[in-house]
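A short worksheet on the structure shown next.
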Amino acid sequence: MLHDGVTPDDHIFPCATKACGFLCDYRIGQSIHCFAFKIGFDSDVFVGSSLVDMYAKCGNIEIARKVFDQMPERNVVSWSGMIYGYAQMAEDEEALRLFKLALGEGLDVNDFTFSSVIRVCANSTLLELGKQIHCLCLKTSYDSSSFIGSALISLYSKCGLVEGAYRVFNEVPVRNLGMWNAMLIACAQHGHTEKVFGLFKEMEGIGMKPNFITFLCVLYACSHAGLVPEGKFYFDLMKKHGVEPGDQHYASLVDCLGRAGKLQEAVQVIEKMPMQPTESVWGALLTGCRIHKNTELAAYVADRVFELGPVSSGVHVLLSNAYAAAGRYQEAAKARKMLRDRGVKKETGLSWVEEGNKVHTFAAGDRSHSKSKEIYEKLDELGDYMEQAGYVADTNYVLQQVAGQEKSETIRYHSERLAIVFALITFPPERPIRIMKNLRVCGDCHNAIKIISKCTKRVIIVRDNNRFHRFEDGKCSCGDYW
């Protein structure tokens, strides 16, 4: 078109920048931006909005913001693109601040804007704010949008209200594949495995074609329920639906086998992979090694992982924990030293709970909270009831070589227990307690929370970095397989 001497206009430029956004190629996008600037289209609201959206989708949030701030006029596309960009970069506070500004300016926001903001609330587990935005969707008649529906399912699921996710799923009249996948992962993470299989059959029945994400959700459900035959069945079913298994699907299958103790079979799956095993694949096998205390295989896996080059802190920690769980503390220390030598920091374990319009965050042994004195007093009082109910601390989950009494003290003040006790002294008795964690809940805390739920007669929902655990009357929804 350019070679033929045809000058682009405010319709052509947005199409070209949109293509750059899909390709995540901001360099070509910059060239188009420069051309638009040269011929005076940079101040056009449609061109400017498409540039904001393109830079945001390419991850260049600073340039997107510069273009956004310099626009003489903004529309819903420019505001939505900027909000989406901040949400994508996990700059949640700025995304919410911009949304508030957009509402303040009387902007007629659309379903894309709403879905971006709801996803921010979901990722930050801001349930009350998410509910308010859901109400706003109802008022503006956007609640029937499948894009908003999938975002709301994710919100309620990630905040521990899977019932709310079901309600949204059932109320949206036309469901796209994103909604089905959102509901599948919600059911899988909450341990509703039979519902996952039912939804998959329902999809097939109405002719909804599953994609690679659909199968990831189903394989995840099989892995976390110990359903090895089912996991193999759905893995083989992928090709019949025209979906080629990727490294994430292989990681899920290896995880399914590893958790069930079929470690050699998991190794065979890895050896037959048509692509090079990734960190996530080896990490799945390491998880199985840790659960079943196979340190020899863990050491073999470690060698294969480190051949990949720099890896995440999670893999180092998995290896260290596998050694420590087997009492091999020197090897565990060596794995952690390797982590420090490479300048990689282990993620600090945190637990948080929403109360009022505030998120209360705790670390292990934390005494910085304003209610610390009450929390620790209640925790000690609760400890007496728990011991009477038969609780004995399992210090095998203290993965350092420390003395017996110190081990008991260390495990007693884990972050999730502090968050739960804060909720016990703050929430009314009828309100379920929902705790979020950034790391896996340890086995001893899992046992302790079961007893706490029985002693206090409270429903306690804990989300760790893998799944949800619903504790009620001394039992957990995971069936102790996690």
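Panel note: side chain Ser115, backbone Asp111; a donor-acceptor pair is recorded below 3.5 Å. Asn438 places a side-chain N or O within 3.5 Å of a backbone atom of Leu350 that can act as its donor or acceptor partner. No donor-acceptor pair closer than 3.5 Å links the side chain of Asn60 to the backbone N or O of Ile63. The closest donor-acceptor contact from the side chain of His249 to the backbone of Gly246 lies under 3.5 Å. A donor-acceptor pair under 3.5 Å is absent between the side-chain atoms of His360 and the main chain of Glu354, judged by distance alone. Between the side chain of His414 and the backbone N or O of Ala364 there is no donor-acceptor pair closer than 3.5 Å. At least one donor-acceptor pair closer than 3.5 Å links the side chain of Ser372 to the backbone N or O of Arg367. A donor-acceptor pair under 3.5 Å links the side-chain atoms of His190 to the main chain of Ser157, judged by distance alone. With hydrogens and angles ignored, the 3.5 Å screen pairs a side-chain donor or acceptor of His292 with a backbone N or O of Gly258. For the pair Arg175 (side chain) and Phe169 (backbone), a donor-acceptor distance under 3.5 Å is present.
The side-chain contact (heavy atoms from CB on, under 4.5 Å) check on Cys455 picks up Tyr385, Ala389, Ile451, with sequence neighbours excluded. For Asp53, the side chain to side chain donor-acceptor pair (under 3.5 Å) test picks out Lys57, with sequence neighbours left out. Residues that satisfy the salt bridge (charged side-chain N to carboxylate O under 4.0 Å, His left out) test with Glu62, not counting sequence neighbours, are absent from this structure. Listed by chain and residue number, Leu184, Ile185, Ile213 satisfy the side-chain contact (heavy atoms from CB on, under 4.5 Å) test with Cys217 (two or more places apart in sequence, or in another chain). With sequence neighbours excluded, the residues satisfying side-chain contact (heavy atoms from CB on, under 4.5 Å) with Val172 are Val168, Met179. Residues passing the side-chain contact (heavy atoms from CB on, under 4.5 Å) test with Pro429, sequence neighbours excluded: none. Partners of Ser280 according to the side chain to side chain donor-acceptor pair (under 3.5 Å) rule, which considers only residues two or more places apart in sequence or in another chain, are Thr278. Residues meeting the salt bridge (charged side-chain N to carboxylate O under 4.0 Å, His left out) test with Lys450, sequence neighbours left out: Asp480.
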Would Tyr142 and Phe147 count as a ring-ring contact (aromatic ring centres under 6.0 Å, His included) here? Give the steps.
CA-CA 9 Å; Tyr142 276 114; Phe147 296 106; over 10 Å; no

Would you sort out whether His469 and Asp464 count as a side chain to side chain donor-acceptor pair (under 3.5 Å), showing the intermediate values?
CA-CA 8 Å; His469 303 264; Asp464 65 14; 3.3 Å; yes

side-chain contact (heavy atoms from CB on, under 4.5 Å) between Trp79 and Leu101: does it pass, once the steps are laid out?
CA-CA 10 Å; Trp79 280 99; Leu101 279 175; 4.0 Å; yes

Before you tell me yes or no, could you show the steps for Phe235 and Phe215 under ring-ring contact (aromatic ring centres under 6.0 Å, His included), namely the whole-Å CA-CA distance, both residues' side-chain angles and the distance that decides it to 0.1 Å?
CA-CA 8 Å; Phe235 188 85; Phe215 282 102; 9.3 Å; no

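Ring-plane geometry between Tyr234 and Phe197 is classed as parallel, the angle between the planes falling under 30 degrees on a 0 to 90 degree scale with a further cut at 60. Note: Tyr300 and Trp282 have perpendicular aromatic rings, judged against thresholds of 30 and 60 degrees for the angle between ring planes.
Taking the six-membered ring where the residue is Trp, the centroids of Phe422 and His369 are separated by under 6.0 Å. Ring pair Phe200/Trp180: centre-to-centre distance not below 6.0 Å. Taking the six-membered ring for Trp, Phe68 and Tyr55 have ring centres at least 6.0 Å apart.
More than 12 heavy atoms of other residues, nucleotides or ligands lie within 6.0 Å of CZ in Phe427, so this atom counts as buried by the packing criterion.
The pair Arg470-Glu472 counts as a salt bridge, with a side-chain nitrogen and a carboxylate oxygen less than 4.0 angstrom apart.
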What pairs of donor and acceptor atoms, side-chain ones from residues 80-91 against any protein atom, are under 3.5 angstrom apart with sequence neighbours left out?
{"residue": "Ser80", "atom": "OG", "partner": "Val76", "partner atom": "O", "Å": "2.7"}
{"residue": "Ser80", "atom": "OG", "partner": "Thr113", "partner atom": "OG1", "Å": "2.5"}
{"residue": "Tyr84", "atom": "OH", "partner": "Gln88", "partner atom": "OE1", "Å": "3.1"}
{"residue": "Tyr86", "atom": "OH", "partner": "Arg65", "partner atom": "NH1", "Å": "2.9"}
{"residue": "Gln88", "atom": "NE2", "partner": "Ala56", "partner atom": "O", "Å": "2.8"}

Enumerate, atom names and distances included, each donor-acceptor pair closer than 3.5 Å involving a side-chain atom of residues 117-127, sequence neighbours excluded.
{"residue": "Arg119", "atom": "NH2", "partner": "Ser150", "partner atom": "OG", "Å": "3.0"}
{"residue": "Asn123", "atom": "OD1", "partner": "Lys158", "partner atom": "NZ", "Å": "2.9"}
{"residue": "Asn123", "atom": "ND2", "partner": "Arg119", "partner atom": "O", "Å": "3.2"}
{"residue": "Ser124", "atom": "OG", "partner": "Asp92", "partner atom": "OD2", "Å": "2.6"}
{"residue": "Ser124", "atom": "OG", "partner": "Val120", "partner atom": "O", "Å": "3.2"}
{"residue": "Thr125", "atom": "OG1", "partner": "Trp352", "partner atom": "NE1", "Å": "2.9"}

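Pairs engaging residues 159-168 under the side chain to side chain donor-acceptor pair (under 3.5 Å) rule: Tyr166-His192 [sequence neighbours left out]. For residues 371-388, the salt bridge (Lys or Arg N to Asp or Glu O under 4.0 Å) pairs, not counting sequence neighbours, are Lys378-Glu381, Asp380-Arg412.
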